[in-house]
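Numbers here simply count residues along the sequence, with the first being 1. What you are looking at is a predicted structure, and each value in this text was computed from that prediction instead of being measured.
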Amino acid sequence: MGAAVAAVIVLADQAVKAAVVRMIPLGESIPLIPGVLSLTRVENTGIAFGLASHMPVAVPAAIALTFLFLLFYNRPRWTRPALVRLALALLAGGAVGNLVDRVRVGAVIDYLDVHVWPVFNLADLAVTAGAGLLIGSIVFGADRDVQKE
């Protein structure tokens with residue numbers, strides 16, 4: 001299940017980004033819900049939220065690869081409760097989705113603009129949801145058997 005969820009995240013993320021690149025010129029915005037939600041195409045060359053945007057592409061790529069290595073290095077967590085497996089799948093899918101952009105384009109393609117937060121994408125949503133689920137599973141004990149090891 002985990003690999004399938006991660007694969008769906010990567011494929012959906014890349015499909016939406018391809019459509020955004022085809023339909024919206026860089027820097028342009030299309031309001032969906034005026035003042036609340038727009039599709040705004042930007043390319044993030046930084047780490048997160050455009051921070052450290054002047055660093056070479058290899059640095060954020062190395063960070064993403066390190067994250068993926070640590071995720072799969074801790075492979076025993078994949079056999080744990082369904083919530084933990086889902087969290088790890090979301091984290092992996094989101095990380096790979098953005099890593100594909102870094103390798104292919106040299107930047108992450110972002111397009112969801114809520115006007116009170118930096119522009120983000122589906123992969124970012126997956127990473128955020130995965131991190132929230134993982135933290136919640138730890139705080140509320142869904143991974144209790146993991147902590148006993």
(message) Testing the 3.5 Å rule here: is there a donor-acceptor pair between the side chains of Asn98 and Asp13?
(response) no
(request) Identify which one of Pro31, Ser38, Pro34 satisfies the side-chain contact (heavy atoms from CB on, under 4.5 Å) criterion when paired with His115. (result) Ser38
(request) Give the minimum heavy-atom separation between Ala107 and Thr45, together with the two atoms involved. (result) CB-CG2, 3.6 Å
(message) Is any side-chain heavy atom of Val8 closer than 4.5 Å to one of Leu11?
(response) no
(request) Compare all side-chain heavy atoms of Asp101 with those of Gln14 and state whether any distance is below 4.5 angstrom. (result) yes
(request) Over all heavy atoms of both residues, which pair between Ala89 and Gly2 is shortest? Give the atoms and the distance, please. (result) CB-O, 3.3 Å
(message) Quick one, Leu39 and Met23 - any side-chain contact, counting heavy atoms below 4.5 Å?
(response) no
(request) State, with a plain yes or no, whether a side-chain heavy atom of Val114 is found less than 4.5 Å away from one of Phe120. (result) yes
(request) Grab the two heavy atoms, one from Val84 and one from Ser137, that are nearest each other, plus how far apart they are. (result) CG2-OG, 3.6 Å
(message) In the structure I gave you, are the side-chain heavy atoms of Leu90 and Leu133 within less than 4.5 Å of one another anywhere?
(response) yes
(request) Kindly say whether Ile24 contributes a backbone atom to a donor-acceptor pair with the side chain of Arg41 at under 3.5 angstrom? (result) yes
(request) Say whether Asp113 and Thr40, considering side chains only, have a donor N or O and an acceptor N or O under 3.5 Å apart. (result) yes
(request) Of all the heavy-atom pairs spanning Arg102 and Asn44, show the shortest one and how long it is. (result) NH1-O, 3.2 Å
(request) Locate the shortest heavy-atom distance separating Val127 from Leu91; write the atom from each residue and the value. (result) O-CD2, 3.5 Å
(message) Could you tell me if the side chain of Asp110 sits less than 4.5 Å from the side chain of Glu43, heavy atoms only?
(response) no
